Amino acid sequence: MKLSRLVGQRIKEAPRDAQTASHIFLMRGGYVRPVSTGIYSLLPLGKRIVTKIERIIREEMNRIDGQEVLMPVVLPQELWDESGRSESVGPELLRFQDRNGKPMLLGMTHEEAVVHLTRTEVTSYKQLPCMLYQLQTKYRDEARPRAGLIRVREFTMKDGYSFHTSQECLEQYYRRCHEAYVRIFERVGLANCISIESDSGMMGGAVSHEFMAIAECGEDTIFMSPDGQYKANRDVAVSKPVYVKEPPLPLEKVHTPGRKTIEEVASFLGVEPSRTGKAVFYVDPQGNVVFVMIRGDIEVNEAKLRKHLQAPELKFANDDQIRAVGAEPGYASILNVDASKVRVVVDVSAAESSNLVVGANEPDYHFKNFNFSRDAKGGEVTDIAAVREGDPCPVTGAPLRMLRGIEVGNIFQLGTKYTVAMNCNYLDQNGKSQPMIMGCYGIGVGRTMAAVVEQSHDQYGPVWPMSIAPFTVHLCALNVGDANVRREADTLYQALLDRGVEILFDDRSEKAGFMFNDADLIGAPLRLIVSPKTVAAGQVEFKTRDGKRKEMVNRDSVVEFVMDLLRTMR
RNA sequence: CGGGGCGUAGCGCAGCCUGGUCAGCGCGACUGGUUUGGGACCAGUAGGUCGCGAGUUCAAAUCUCGCCGCCCCGACCA
């Protein structure tokens, strides 16, 4: 490919709305262009990268017996009525009608479609297990697309679905798929990608993992012990805090005029916030108030609370709703609150700590020496604490580190949620009909490309790994007006093309600096430079994009030199 | 959906407060010439319903109202 022919302008200045490295460089390098919020076109450079990522994914999926299929983007809503998801999924599902008024939707994931396929094609235990996957466009009407390709509305996803006759078989396959994912992310060059356990429990003991590319701009927060033994998404992370345990002292009412916040009360009484208990009030979608108590210095993790309550959405209660359950805003506690009248959820931190300062449920008064087991009238004790950086790891006790990550893939043991709802059954050895047991496995392709840039770039542009680079060799001809340079560069270009090398030849009559900057934005791992100086010396200059190597190579051996490198740098 | 910011040439911006030589600058593109090792120089050219719509006014990019789009933070996210 000659750079003079390549469609996709490199631009000198970053678009104003691009903030993250991947967004800036994918725009500046001419890899992608926005069409609408969260909707992008891929230019030739971007498409080449995506194609390479997809090839790696295909190889690894095929290696674990996956079979590639292609299901429609446009699906009839009736299929989603069967699974119940047209009810349960909100506005992120884009719905519309066809010309006959038939309700249709754009697939955001393809469980229904794959079950539709499998329930007729696969009917016997002899055909199981099997795994189908596709690389297909997904559409999600995201509330807030952001950071270029990190969070978009339309995107290509590899989604795979496995079907099994037993939980054991699913788990075994799940482990194989996990290994395949590790290989995929290694091969695409994500140096720092970890799998973390996510959300187990809500869906009846279902297990799932998220693959997180560590990056500052990531949307997910991960807690990890220094040795990596423990790692978890913030939504499910737990820590092992130390609770102050001492003999219970008698309750003592104290005057705390105008002191409403934990900071005010703690400093007024001269105690640490960790020796207080605070009350937080939520309202569930049915309008029920939930009375939450947690140690004063710890925040409530709303995701954990929602899961515990099985409530899809929670809002903070207002003062009237708080008073209605017998508490006084600013001075609230579960002391004297009847847990049979209002739902009381107590975090372990508050239940296990001794002699806490808590509200008196009347203005301007608190109590000292609250002890849950002695003073509370019931309440569900569970872990709803938000983990903080530095909290002790639940496994090792070492201070937890907080990291940000981009979720590039996830795998999930779905079970029979869809197969039961949609009658996806097989006949077992006894001729009995059984629902298939299902797993699903996703990878965001464009997001993976963006994550690689986040992890592999310098101030000038992306440093693509050999495995997914749009071109492996970038040839610059400095001063192509010079007939010798022109001839030598043309010859070298043709020789490498003939060897099947993916080479980009900058044949433009530009200044050196201009060409080098474009080359940096394109990020090919290997660079060759032909100039009047190198021609005179009978050599070609060689550099790697990562700056680790730079040397002069004899003109006659440069083709073999490059071929050797391409073989070893795979 | 809540909070904040922004819409002027392909990109980055100035002009708006104080209405009137106000359709401008830099980059990019095109033509010609000089250049050629880290985003060169000279001369010239093309490119804009100043986001859209109402209103105020002799006069609106500029003031008022409404709408739309985009970005950031939060909420939400199979």
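In the text below, chain A, chain B and the rest are named by the order of the sequence lines, each starting its count at 1. Computed from a predicted model, the values in this text were never measured in an experiment.
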Does A:K543 contact B:G38 through a side-chain donor or acceptor facing the base, at a distance under 3.5 Å?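 For A:K543, whose side chain was compared with the base of B:G38, there is a donor-acceptor pair (under 3.5 Å).
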May I ask you to verify whether the side chain of A:E13 and the base of B:G26 hold a donor-acceptor pair under 3.5 Å?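 Indeed, a donor on one side and an acceptor on the other fall under 3.5 Å apart.
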Rounded distance in Å - [atom1] ([X]) to [atom2] ([N]):
X      : N     : atom1 : atom2 : result
A:R85  : B:A78 : CZ    : C1'   : 5 Å
A:Q539 : B:G37 : CD    : C1'   : 15 Å
A:K511 : B:U35 : NZ    : C1'   : 6 Å
A:E112 : B:A78 : CD    : C1'   : 9 Å

Please determine, for [N], whether a Watson-Crick or G-U wobble partner exists with both distances under 3.5 Å, and give it or none.
N     : value
B:G12 : B:C25
B:G39 : none
B:G69 : B:C6
B:C63 : B:G55
B:G74 : B:C1
B:C17 : none

Which heavy-atom pair separates A:M131 from A:S162 by the least distance, and what is that distance?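 Smallest interatomic distance, heavy atoms only, reads CG-CB, 3.9 Å.
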Taking all non-hydrogen atoms of both residues, which atom of A:L414 and which atom of A:E111 are closest, and how far apart?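 A:L414 and A:E111 have their closest heavy atoms at CD1-CG, 3.9 Å.
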Counting the atoms with a prime plus P, OP1 and OP2 as sugar-phosphate, which does [X] contact under 4.0 Å by heavy atoms, base, sugar-phosphate, or nothing?
X      : value
A:D518 : base
A:A18  : nothing
A:R10  : nothing
A:E219 : nothing
A:R28  : base
A:S531 : base
A:E510 : base
A:S83  : nothing
A:S509 : base
A:A477 : nothing
A:M157 : base

Mind checking whether [X] and [Y] have parallel, tilted or perpendicular rings, split at 30° and 60°?
X      : Y      : answer
A:Y493 : A:F505 : tilted
A:Y174 : A:Y441 : tilted
A:H164 : A:Y173 : tilted

Residue whose nearest RNA chain B nucleotide is more 5′ - A:V89 or A:I11: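 Closest to the 5' end, via its nearest nucleotide, is A:I11.
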For side-chain contact (heavy atoms from CB on, under 4.5 Å), just list the numbers for A:V345 and A:T382, CA-CA rounded to whole Å, side-chain angles, deciding distance to a tenth of an Å, and then say yes or no. CA-CA 7 Å; A:V345 178; A:T382 185; 3.8 Å; yes
Which listed nucleotide ([options]) is nearest to the side chain of [X]?
X      : options             : answer
A:F516 : B:A78, B:C11, B:G37 : B:G37
A:M108 : B:G38, B:G12, B:A78 : B:A78
A:L521 : B:A78, B:G39, B:C71 : B:G39
A:R16  : B:A78, B:G7, B:G37  : B:G7
A:N517 : B:G39, B:A40, B:A78 : B:G39

At less than 4.0 Å, is any side-chain N or O atom of A:S36 found next to OP1 or OP2 of B:C70? Yes or no.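 Result: yes.
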For B:C73, does OP1 or OP2 lie under 4.0 Å from any side-chain N or O of A:R146?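 Checking A:R146 against B:C73: at least one side-chain N or O falls below 4.0 Å of OP1 or OP2.
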Sole candidate of A:I406, A:N233, A:N410 that passes side chain to side chain contact (heavy atoms under 4.5 Å, CB included) when paired with A:M212: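 Exactly one option meets the side chain to side chain contact (heavy atoms under 4.5 Å, CB included) with A:M212, and it is A:N233.
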